[in-house]
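Indexing begins at 1, ligand by ligand and atom by atom, following the structure's order. The analysis underlying the following values was restricted to heavy atoms, covering all of them including side chains, and did not include hydrogens, waters or symmetry mates.
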Amino acid sequence: MIGILGGGQLGRMLALAGYPLGLRFRFFDPSADAPVRYLAEQVVAPYDDHLALDQFSHGLTVATYEFENVPVTTARALERRIPVFPPPQALEAAQDRLQEKRFFASLNIPTTPFAPVDDRESLEAAVVHIGLPAVLKTRRLGYDGKGQVILHTHTDVDPAWHALGGQPLILEKFIAFDRELSVLAVRGQDGGIACYPLVENVHRNGILHRSIAPAPGLAAETQMLAETYARRVLEALDYIGVLAIELFEIDETNARATGARLLANEMAPRVHNSGHWTIEGAVTSQFENHVRAIVGLPTGATSARGYAAMVNLIDSLPDITMLLALPDTHVHLYDKAPRPGRKLGHVTICAGDVTQLADRLAVVERYVLAC
Ligand code: AMP
């Protein structure tokens, strides 16, 4: 029996990938309404309820997480009873943006220039040090663009402090990137590492809207560089499972200023939204590979079967009949009630060549965005 901390759509897709391998799952989530509620056993309790955690761990062979804001103390408490993969130190490194950027820097992985901000004075000092434009972010619990303010000029400093001050912050240089990419990698218990083709990601209102895999027009050196960075992170953390790193690709002019073509923005010690295309688009999906890795099975090939794109269904659901009528188009719904900004499902479009993919994607996007 595999225990999963978090019962959202990522957990749901992990279980759906593990059932064909004869595996069973138990979830721990504070909400009785979690997307896994009809899919597997679930312990409903707050993450810091160690009595409930004890009950949850009973009979498990291994545990993992699908939500990166699970308290590190919870993951460590579980680790005293059963193996927990990825190791809780990965969770710790990813939960605080300042620690995360320092961790990347310690591995010689380029990031945007950054400075810690703990009070009004250090914000002033950081603005002088980093320069403007810059992005002020909360160090913890920020996701989908929440907890961030862009500072264009000095007049933005005060309002930004009013919006976010009073908690640990980080100031990052605003990067005029060409595009956003992500690399997903898996490391098995034998230490073997495999990376998926890099994905191009487009966000809308701070939330991932669309991913294209493999990223169009990607240079082989960029893929290799991203793989090198992923390998460094995986090995430094003695990582088991799937890891995602979000990257900024920079054009040559801006690269001269930052000194790098590829900057690491953040990492997720779990399966990732930008890897959903792998269910139909890759030889082995990110979900199956994560499950295989944590139970000690050999991981599967990470190559793309062809060309794929994924579009998130956010806020409200379209009538899926029309989507299902399109060739090689696959709909995944997460059994969540509609709410503004909420990811309710996704659509994956597969194709044999880039033109076919672009044509099909255009139809799906027009339809999805019109809802
Ligand atoms: P994050 O929560 O760090 O992933 O940020 C959410 C989105 O904000 C990213 O996907 C980027 O589109 C944008 N963003 C974050 N940091 C920066 C930055 N330093 N420069 C430019 N854009 C950024």
Steps toward salt bridge (charged side-chain N to carboxylate O under 4.0 Å, His left out) verdict (Arg339, Asp315): CA-CA 5 Å; Arg339 210 186 289 151; Asp315 298 334; over 6 Å; no
Audit row: Thr321, Asp319, side chain to side chain donor-acceptor pair (under 3.5 Å) steps and yes/no: CA-CA 6 Å; Thr321 320; Asp319 176 355; 2.6 Å; yes
Interfacing atoms of ligand 1 (cut-off 4.0 Å, heavy-atom, [X]):
X	result
Phe177	12 (O), 21 (C), 22 (N)
Glu246	4 (O)
Ile175	18 (C), 20 (N), 21 (C)
Asn265	1 (P), 3 (O), 4 (O)
Glu172	16 (N), 19 (N)

Presence of salt bridge, [Y] and [X], under 4.0 angstrom:
X	Y	result
Asp29	Arg37	no
Arg305	Asp328	no
Arg261	Glu249	no
Glu172	Lys101	yes

For ligand 1, the portion of Arg97 having any non-hydrogen atom under 4.0 Å away: side chain
Side chain, backbone, both or neither: Asn201 near ligand 1, heavy atoms under 4.0 Å: neither
Test of proximity, Val135 against ligand 1: N or O pairs below 3.5 Å: no
Gln9 and His332: CA distance, side-chain angles, deciding distance, side chain to side chain donor-acceptor pair (under 3.5 Å) verdict: CA-CA 10 Å; Gln9 64 265 21; His332 298 254; over 6 Å; no
Closest to atom 9 (C) of ligand 1 among Glu100, Lys173, His203, Glu180 (heavy-atom distance): Glu180
